[in-house]
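Structure first, then comments.
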Number of protein chains: 2
Amino acid sequence: MPKPISPSGLQDHLGYWLRYVSNQVSHSFSLKLAARDVTVAEWVVLRELYDVDAMAPSALADKLGMTRGAISKLAERLLGKSLLTRAPGEKDRRYHALALSDAGRTLVPELSALADQNDAEFFGDLTREDRAMVQRLMMGIVRRHALRVTPID
Amino acid sequence: MPKPISPSGLQDHLGYWLRYVSNQVSHSFSLKLAARDVTVAEWVVLRELYDVDAMAPSALADKLGMTRGAISKLAERLLGKSLLTRAPGEKDRRYHALALSDAGRTLVPELSALADQNDAEFFGDLTREDRAMVQRLMMGIVRRHALRVTPID
DNA sequence: TATTGTTATACTCTATAACTATA
DNA sequence: TATAGTTATAGAGTATAACAATA
């Protein structure tokens with residue numbers, strides 16, 4: 001929280017620290033994913049599709065808090081890598097269902113392990129209680145700001 | 001921390017939550033800064049220069065954990081907005097000292113207030129203790145990873 | 001006309017590498 | 001040759017807006 005000292009400094013803001021750590025964590029993760037030729041944004045899409053048979057781009061956009069254009073671009077890349085399939089809906093042909101290809105479905109658990117590893121590298125030294133607290137606080141902020149989140153519950 | 005359930009999900013990683021919240025906080029901040037025609041990266045440079053008379057680009061790069069190229073590009077933009085001045089060093093003319101212009105120095109406290117406001121919007125509901133704990137944990141992670149940070153202390 | 005999706009364009013942020021100037 | 005700085009290029013990530021197809 002900013003202390004009321006003349007102009008508050010960068011380090012007085014929690015946002016600064018979150019951005020700093022988050023950037024490092026994401027960058028580190030992106031290096032791990034690069035070995036599989038996948039980016040962080042692509043990983044998010046792949047993991048989201050893992051739990052369902054198929055999903056429309058707009059549903060994906062809603063779940064991930066992204067625009068349809070952004071999803072479309074990501075889908076395009078993943079289709080190019082043969083990690084996704086796309087099929088027009090049967091009833092309403094405006095819906096183009098996205099789904100994991102066999103290769104994509106095989107890949108997700110491996111990427112998941114990389115995510116586990118990356119998380120452990122940065123947060124493994126924290127106690128279980130501290131990790132739980134940070135997660136709880138972050139989820140609370142998300143909820144209070146009515147940010148769109150993957151509704152797991 | 002990832003629970004050992006087959007492939008861990010996005011929300012099982014603390015990195016996911018940090019990135020999610022951090023992105024929202026930064027985006028919200030960027031909208032506030034846009035009213036002053038300044039970006040988040042530019043704000044960081046301006047605030048860093050506020051506490052000193054002048055600083056060499058390479059010193060700035062070290063402090064902020066960025067490359068010289070990135071700093072150069074930011075400086076270029078800020079010079080174009082007349083928020084910075086650049087002068088070759090007297091002794092060693094390879095050093096081009098960057099400093100705030102009068103307009104830049106006037107602007108920093110206003111941007112600082114926006115940063116305070118933004119931080120309060122997202123973290124104001126947390127208790128003082130929770131905020132302190134998150135900050136302490138983040139700083140600890142930074143320290144353990146020997147990440148380059150503005151050495152305020 | 002409203003909705004879904006794609007495409008075109010643009011911009012921030014950042015990196016790497018080539019290049020220039022100075023020492 | 002080593003260092004400081006700039007410039008060129010590239011790519012991720014994301015948005016907005018124009019557009020096409022379907023309902």
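None of the values given here were measured: they were computed from a predicted structure. Quick note on labels: first sequence line is chain A, next is B, and so on, each numbered from 1.
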**Item:** Residues forming a salt bridge (charged side-chain N to carboxylate O under 4.0 Å, His left out) with A/Arg105, sequence neighbours excluded
**Value:** none
**Asked** Within this structure, what is the NZ-to-C1' distance between A/Lys81 and D/dG11, rounded to whole angstrom?
**Response** 12 Å
**Atom-pair distance (CG on A/Asn23; P on C/dT14), nearest Å** = 7 Å
Per-pair distances, 0.1 Å, donor-acceptor, side chain in residues 70-77 of chain A, under 3.5 Å, sequence neighbours excluded:
unit_1: A/Arg77; atom_1: NE; unit_2: A/Glu42; atom_2: OE2; d: 2.5
unit_1: A/Arg77; atom_1: NH2; unit_2: A/Thr39; atom_2: OG1; d: 3.3
unit_1: A/Arg77; atom_1: NH2; unit_2: A/Glu42; atom_2: OE2; d: 3.0

**Request:** Measure from CD on A/Glu42 to C1' on D/dT14 and round the result to the nearest Å.
**Result:** 14 Å
**Inter-end axis angle, the helix from C/dT1-D/dA23 to C/dA23-D/dT1, with every axis fitted to five base pairs (rounded, 10 degrees)** = 30°
**Item:** Whole-Å gap separating P (D/dA4) and CG (B/Leu60)
**Value:** 14 Å
**Message:** If I take atom CZ in residue A/Arg19 and atom C1' in nucleotide C/dT12, what distance separates them, rounded to the nearest angstrom?
**Reply:** 12 Å
**Request:** With heavy atoms under 4.0 Å as the rule, sort A/Thr67 into base, sugar-phosphate or nothing.
**Result:** base
**Prompt:** Can you find a side-chain donor-acceptor pair between A/Ser112 and B/Ser8 that sits under 3.5 Å?
**Reply:** yes
**Request:** Applying side-chain contact (heavy atoms from CB on, under 4.5 Å), run through A/Val38 and A/Leu107 and close with a yes or a no.
**Result:** CA-CA 10 Å; A/Val38 169; A/Leu107 186 60; 3.9 Å; yes
**Asked** Which nucleotides of nucleotides 2-11 of chain C have their base under 4.0 Å from a protein heavy atom (B), which only their sugar-phosphate (S), and which neither (-), written as one string 5' to 3'?
**Response** BBBBBB--B-
**Request:** Taking side-chain hydrogen bond (donor to acceptor under 3.5 Å, both in side chains) as the test, write out the residues that go with B/Arg94, two or more places apart.
**Result:** B/Asp92
**Prompt:** With respect to the phosphate group of D/dG11, does any side-chain polar atom (N or O) of A/Arg77 fall under 4.0 Å of OP1 or OP2?
**Reply:** no
**Asked** Is a side-chain N or O of B/Arg131 found less than 3.5 angstrom from the main chain of B/Leu126, in a donor-acceptor match?
**Response** yes
**Item:** 5' precedence on DNA chain D between A/Glu90 and A/Ser30 (nearest-nucleotide basis)
**Value:** A/Ser30
**Message:** Among residues at least two apart in sequence or on other chains, which ones pass salt bridge (charged side-chain N to carboxylate O under 4.0 Å, His left out) with B/Arg136?
**Reply:** none
**Prompt:** In whole Å, what is the span from the NZ atom of B/Lys91 to the P atom of D/dA4?
**Reply:** 15 Å
